[in-house]
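Worksheet: the structure to be examined is printed underneath.
By convention in this document, chain letters (A, B, ...) are assigned in the order of the sequence lines, proteins followed by strands, and residues within each chain are numbered from 1. Just so it is clear, the model here is predicted, and its values are computed rather than measured.
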Protein chains: 2
Amino acid sequence: MSRSDPTNLQPFVDRLLARSVLTPDEIQAILALPVHPVEVRGQTDFVQVNEKTSCACFIASGMVARFGETRDGQRQITAFHIPGDMVDLNSVVRPIAVGGLTTLCNTTILEVPHTAIRALAVRYPAVAEAFWRDTMLDAAILMQWVVNVGKQRAKTRLAHIFCEMAIRLGGDRQILQEYDFPVSQERLAEAAGMTGVHVNRSLKALREEGLVTVKRYSVKIHDWQRLAQTGEFEADYLVADTGTDRRARLLAGD
Amino acid sequence: MSRSDPTNLQPFVDRLLARSVLTPDEIQAILALPVHPVEVRGQTDFVQVNEKTSCACFIASGMVARFGETRDGQRQITAFHIPGDMVDLNSVVRPIAVGGLTTLCNTTILEVPHTAIRALAVRYPAVAEAFWRDTMLDAAILMQWVVNVGKQRAKTRLAHIFCEMAIRLGGDRQILQEYDFPVSQERLAEAAGMTGVHVNRSLKALREEGLVTVKRYSVKIHDWQRLAQTGEFEADYLVADTGTDRRARLLAGD
DNA sequence: GCACTATCATAAACTAGGTTAACTCGCGTG
DNA sequence: CACGCGAGTTAACCTAGTTTATGATAGTGC
């Protein structure tokens, strides 16, 4: 994996600051959280479905997928998590894992005890709000994922995923035209809700249309415009801070 | 719709108390939140996708669906909300609607301004945590929804939805064998990620197998056991407060 | 340098679910 | 009471995506 290899929570703070306002005091308090670094090899399930957890996992480097399982053991990936993400922040208030977590490649995790995070949230309301907001962004991504998986065609689903990752890996600001993405076609299939064979066919189509080339563990976007078009991708839900207050009007006539 | 028609937030407090511990003071503060009652007719979109909102919506009576849209206007329902739910509580920290909201029948909503909720959360950390926890339950349901839509067959998807509603309408304690569910087959299709015609076919099959009968706006479960089996439904993610801390063991060898 | 394994690639046969198009039933309304 | 309209129902046909299978390629350990 690229990126630097920080052993502190600075990238997490950066992430929060992109959407929340925090005082220097509050920032210091977050950086002072006790962390326990853990190296996890690729393709390792480090949290099981419905498992009870006692700490959140900050991704210092590497990549992680959250997944659910069907009875026959098939997996549906519900989220990809990248360096800077505090995976399982939700577990602070609901310590039952909503799905398992598995590494896509060798990954460095900084474990942060729930107790410490909760203490911080009690002391600094603004930090609590920032945490809540952060988990809500994940929820927004998840909602979009449902639409993608529930109502779109194969090529659209894949294109959407590549667009989403391009934005997120670019820090929600720039669009990365090329990035590492350590997933096999089988994994992509688990994310898009289809079979590996069909992923292969669809990737071939996307490649031949000149939209994107997905090689072993890397994505290269050739035509962002048309890829976003094909993926019906609107970045609003990731960046979002616009919109009009139409509800007020609609509900005016109470 | 059945149920009583409360004009205060008591049901919301009950909901929170099922998962969080709050002092009498804190409960009083929640009940003292300013609310603005609004009657909304059935089949009305009262929040648009990506709309900016300034208040959360408590459902006093009726039922509401959250949905996302594809470019050609097809809808994917991502959640059903029932009386007692504070829909859009997430909007307090991220005031861009993550999807639209539409009523399934005549519905009474109590609007609560974000400002008031945020003030409360700042003053009472335990309340903030309870709110956060409540939104995380929605997120857990949503994650299960992705698995359902992404990896299950038609009959399973529908059965899962009927199981989920049976538990939630029963207050997460009892399983309602019979309940009002004001959705057309077309709406069920939007929720399950399939077409109306196929919903009809699948409902017929479920009926003939003696699992469940879905009439116009009501659901009658005949055989909970086999329905849950067919829907691969595990109530854990809704009720959940158990589990074992396996991660500690797994990651011990750092 | 050779076995072993995982992933990529592609083809052929099959099927769950989509599409289209009637027809029916209940219900509200002029 | 006829009419219209929305929703349920069913049938015939079609296709996107699955299943199964077989080779090609490439990294990895010995």
Side-chain angles (χ1 to χ4, degrees), chain A residues 41-44 65 70 72-76 102-106 148-161 180-209 212-220 230, chain B residues 41-44 65 70 72-76 102-106 148-161 180-208 212-220 230 232:
Chain A
R41 299 192 65 81
Q43 324 302 325
T44 306
T70 63
D72 60 2
Q74 280 185 84
R75 290 183 170 189
Q76 169 70 47
T102 190
T103 49
L104 299 177
C105 57
N106 292 348
N148 197 34
V149 166
K151 279 270 143 64
Q152 306 286 27
R153 320 243 101 160
K155 280 197 300 180
T156 305
R157 291 188 207 179
L158 291 173
H160 193 279
I161 291 173
D180 289 339
F181 194 21
V183 288
S184 63
Q185 293 183 353
E186 199 54 49
R187 277 290 151 84
L188 276 177
E190 288 171 358
M194 49 207 251
T195 57
V197 174
H198 201 52
V199 166
N200 186 282
R201 268 200 291 257
S202 305
L203 285 182
K204 185 183 177 187
L206 288 172
R207 194 188 323 129
E208 287 175 347
E209 289 168 27
V212 63
T213 303
V214 180
K215 278 208 294 263
R216 201 187 267 279
Y217 300 164
S218 79
V219 173
K220 180 163 192 174
T230 300
Chain B
R41 301 192 64 81
Q43 326 301 326
T44 306
T70 63
D72 60 2
Q74 280 184 86
R75 290 184 171 189
Q76 170 70 48
T102 190
T103 49
L104 300 177
C105 56
N106 292 348
N148 196 35
V149 166
K151 277 274 142 63
Q152 305 288 27
R153 318 244 101 151
K155 281 199 296 182
T156 305
R157 291 187 208 178
L158 291 172
H160 193 279
I161 290 174
D180 290 339
F181 194 21
V183 287
S184 63
Q185 293 184 353
E186 199 54 48
R187 279 289 152 84
L188 276 176
E190 288 171 357
M194 50 208 251
T195 57
V197 173
H198 201 51
V199 166
N200 187 281
R201 273 196 290 250
S202 306
L203 286 182
K204 185 183 177 188
L206 289 172
R207 194 188 323 131
E208 286 174 349
V212 63
T213 303
V214 180
K215 279 208 294 265
R216 200 188 268 277
Y217 300 164
S218 80
V219 172
K220 182 165 190 174
T230 302
E232 295 203 12

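- For the residue pair B:R201 / B:H198, a side-chain donor-acceptor distance below 3.5 Å is found, with atom types taken as modelled.
- Note that the two end axes of the helix from C:dG1-D:dC30 to C:dG30-D:dC1 enclose an angle of 40°, each drawn from 5 base pairs, rounded to 10 degrees.
- In this structure, the side-chain contact (heavy atoms from CB on, under 4.5 Å) partners of B:R207, at least two apart in sequence or on a different chain, are B:K204, B:T213.
- Going from atom CD of A:Q152 over to atom P of D:dA16 covers 15 Å, rounded to whole Å.
- B:Q76 and B:E190 are not linked by any side-chain donor-acceptor pair at a separation below 3.5 angstrom, with hydrogens and angles left out of the test.
- Taking atom NE2 of B:H198 as the reference point, atom C1' of C:dT15 lies 11 Å away to the nearest angstrom.
- Rounding to whole angstrom units, NZ of residue A:K151 and P of D:dA16 are separated by 18 Å.
- The shortest heavy-atom contact between A:M194 and A:A154 is CE-CB, 3.6 Å.
- By the side chain to side chain donor-acceptor pair (under 3.5 Å) test, A:K151 is found to be paired with no residue, residues two or more places apart in sequence or in another chain being considered.
- A straight line from CE of B:M194 to P of C:dA16 spans 13 Å, rounded to a whole angstrom.
- Scanning for side-chain contact (heavy atoms from CB on, under 4.5 Å) contacts around B:Q185 gives B:V199, B:N200, B:L203, with sequence neighbours left out.
- The shortest side-chain heavy-atom distance between A:Y217 and A:L104 does not fall under the 4.5 Å cut-off.
- Residues passing the side chain to side chain donor-acceptor pair (under 3.5 Å) test with B:Q74, sequence neighbours excluded: B:D72.
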Could I get a table of every N or O pair under 3.5 Å where one atom is in the protein and the other is in nucleotides 6-12 of chain C?
| from | atom 1 | to | atom 2 | distance (Å) |
| --- | --- | --- | --- | --- |
| C:dC8 | OP2 | A:Q185 | N | 2.8 |
| C:dA9 | OP2 | A:Q185 | NE2 | 2.9 |
| C:dA9 | OP2 | A:N200 | ND2 | 3.3 |

